Amino acid sequence: MKSQLKIVFFGTPQFVVPVLEKLAENFQVVGVVTAPDQKAGRKQLLTPSPVKLASQGQAWEANVLTPQKLDPTLAEQLTKIHPDLFVVAAYGKIIPQNILDIPKFGALNIHYSLLPKYRGASPIQEALLNGDKVSGTSIIKMDAKLDHGPIVSTKEIRLSESDNFESLNTIMTKETIPLLLKTIPDFMTGKIKLQVQDDTMATYCSIIKKEDGFFDINNSPPLEKLDRMIRAYYPWPTAWTKWPFDKAQGKNNKIVKLLPQNMVQIEGKKPVKLEEFLRGYPDFPIKTLAV
RNA sequence: CGCGGGGUAGAGCAGCGGUAGCUCGUGGGGCUCAUAAUCCCAAGGUCGUUGGUUCGAAUCCAACCCCCGCAA
């Protein structure tokens, strides 16, 4: 039985596509807002966001919006659609209050941490960097402040020593989808009592930059920290360093990435096990990644 | 025409004009109570493809195919 609830979905990256798909199976997705096309790939071709690509051929294809700015024009477009609810998942921009006010039931946001902990753009990475044993996923009713609105529902997720950003992200999404599908009807009918976040407990994390993954090969961090970086920053930006290796004419600096599962990748080459890497590059200073 | 790295034995690499080499793995053998330890021997490569230059090319030139990093 498909609900007649009209939803507009806000999201951009690949990992959020399953959320959109499941929403579409259970509700009326009447529009999607996602990031504008960007140059990507080695050829620098203009590429639509994964969410936009996933919208091709779908019922809401005509209402895929890719605004540069969340301005009155967008508000007008959204108003025309007459949505009942927004669902926001890794959209990438802060949505102003006047837009959040458009749907009659407001906007829900999914966030991959146990709020108010790790508000911001990199909750999974932050949990991995801190070596947390438990994290989780939260659904909140959005307000204009960053990840600040009252909590609608949450679910704890236990982390393992081998989780990396990619794997944990997949787990989070998998756990969040059923929670979201269950939460939406309960939220609409007012069955759920919203829980205001305790701002005094809030912590924040900012968007990951490429340099965050860098470490000095001559002064590399303790193995435990390195291991956390490797897992938190995989597959991007990865824990990486610059390493000078001998070449016929002088020394050359190459980027070397450390990947989960004891894998190493030097610029221009495929990932290999550290053990194999060392056979070809016996001078590489890191001899083990075992914690 | 965004920038750059690379394609050489099963794997990771060196060689960069004169009949292919290192580490590891593999096979056989020795030493051991024994061994992922150690020693000896062996197998295994049309050096990405196609042309060109040369007495001679993995090594130089051209084109093409494939892989990858930056960037976004």
Side-chain angles (χ1 to χ4, degrees), chain A residues 10-17 20 32-56 64-70 89-94 120-122 124-125 164-167 169 205-221 223 226-227 229-291:
Chain A
F10 287 63
T12 297
Q14 183 64 44
F15 72 82
V16 116
V17 170
L20 171 60
V32 160
V33 181
T34 189
D37 297 1
Q38 290 188 312
K39 288 183 183 176
R42 263 188 276 271
K43 298 295 180 194
Q44 292 294 282
L45 300 175
L46 210 56
T47 307
S49 83
V51 164
K52 183 177 173 184
L53 284 174
S55 297
Q56 286 176 356
V64 173
L65 306 175
T66 58
Q68 290 285 354
K69 289 182 182 176
L70 305 187
Y91 169 56
K93 289 187 162 83
I94 293 173
S122 56
I124 295 180
Q125 291 93 332
N164 60 61
F165 170 78
E166 186 178 58
S167 68
N169 199 53
C205 50
S206 53
I207 193 161
I208 303 296
K209 298 183 298 293
K210 181 181 166 54
E211 307 81 64
D212 291 333
F214 178 80
F215 67 94
D216 183 351
I217 188 64
N218 297 313
N219 186 20
S220 61
L223 271 183
L226 197 55
D227 176 61
M229 286 177 66
I230 290 169
R231 292 185 292 112
Y233 295 141
Y234 178 81
W236 190 89
T238 73
W240 59 281
T241 188
K242 293 204 170 193
W243 183 57
F245 75 109
D246 288 308
K247 195 65 184 168
Q249 300 85 13
K251 298 249 180 184
N252 235 337
N253 263 322
K254 282 209 177 186
I255 295 173
V256 179
K257 299 173 157 187
L258 305 183
L259 312 175
Q261 315 295 334
N262 282 302
M263 300 287 275
V264 183
Q265 181 176 28
I266 191 167
E267 186 182 338
K269 296 286 204 169
K270 294 181 183 178
V272 292
K273 291 194 192 111
L274 177 61
E275 189 187 321
E276 294 170 329
F277 185 80
L278 287 169
R279 276 189 211 116
Y281 304 96
D283 294 336
F284 192 65
I286 295 176
K287 303 299 185 190
T288 177
L289 290 172
V291 180

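Order of the sequence lines sets the chain letters (A, B, ...), proteins ahead of strands, with each chain counted from 1. If you're wondering where the values come from, they're calculated on a predicted model, not measured in any experiment.
- Contacts of A:K273 with the nucleic acid, taken as non-hydrogen atoms under 4.0 Å apart, are absent.
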For residues 208-219 of chain A, tabulate all N or O donor-acceptor pairs below 3.5 Å that involve a side-chain atom, not counting sequence neighbours.
unit_1 : atom_1 : unit_2 : atom_2 : d
A:D212 : OD2    : A:K209 : N      : 2.7
A:D216 : OD1    : A:N218 : N      : 2.8

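- Applying the side chain to side chain donor-acceptor pair (under 3.5 Å) test to A:Q14 and every residue at least two apart in sequence or in another chain returns nothing.
- In this structure, the side chain to side chain donor-acceptor pair (under 3.5 Å) partners of A:D227, at least two apart in sequence or on a different chain, are A:R231.
- Partner assigned to B:A62 is B:U50, using Watson-Crick or G-U wobble distances below 3.5 angstrom.
- On a pure distance criterion of 3.5 Å, no polar donor-acceptor pair joins the side chain of A:R42 and the base of B:G2.
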Between the protein and nucleotides 35-39 of chain B, are there any N/O to N/O pairs under 3.5 Å, and if so, what are the atom names and distances?
none

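- Looking at heavy-atom distances under 4.0 Å, A:K39 makes contact with a base.
- Pairing partner, B:G44: none, since no Watson-Crick or wobble contact has both distances short of 3.5 Å.
- As rounded to the nearest Å, B:G21 and B:C64 have P atoms that lie 34 Å from one another.
- Listed in residue order, the members of residues 47-55 of chain A having a heavy atom less than 4.0 Å from RNA chain B come to none.
- Base pairing annotation: B:G2 forms a Watson-Crick or G-U wobble pair with B:C70, both donor-acceptor distances under 3.5 Å.
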I'd like a list of close polar pairs between nucleotides 21-25 of chain B and the protein, N/O only, cut-off under 3.5 Å.
unit_1 : atom_1 : unit_2 : atom_2 : d
B:C24  : O4'    : A:R279 : NE     : 3.1
B:C24  : O2'    : A:R279 : NE     : 3.2
B:C24  : O2'    : A:R279 : NH2    : 2.8

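- Nucleotides B:C40 and B:U54 have their P atoms positioned 47 Å apart, rounded to a whole Å.
- Distance noted for atom C1' between B:U26 and B:G18: 32 Å (whole Å).
- Atom P of B:U46 sits at a distance of 33 Å from the matching atom of B:G30, rounded to the whole Å.
- Aromatic ring orientation, A:W243 versus A:F284: perpendicular (interplanar angle above 60°, classes split at 30° and 60°).
- Checking B:U38 for Watson-Crick or G-U wobble geometry (two distances, each under 3.5 Å) identifies B:G30 as its partner.
- Side-chain nitrogen and oxygen atoms of A:K257 include at least one within less than 4.0 Å of the OP1 or OP2 phosphate oxygen of B:C70.
- Going from the C1' atom of B:G48 to that of B:A57 covers 16 Å, rounded to whole Å.
- Counting non-hydrogen atoms under 4.0 angstrom, A:K210 reaches the backbone sugars and phosphates but no base.
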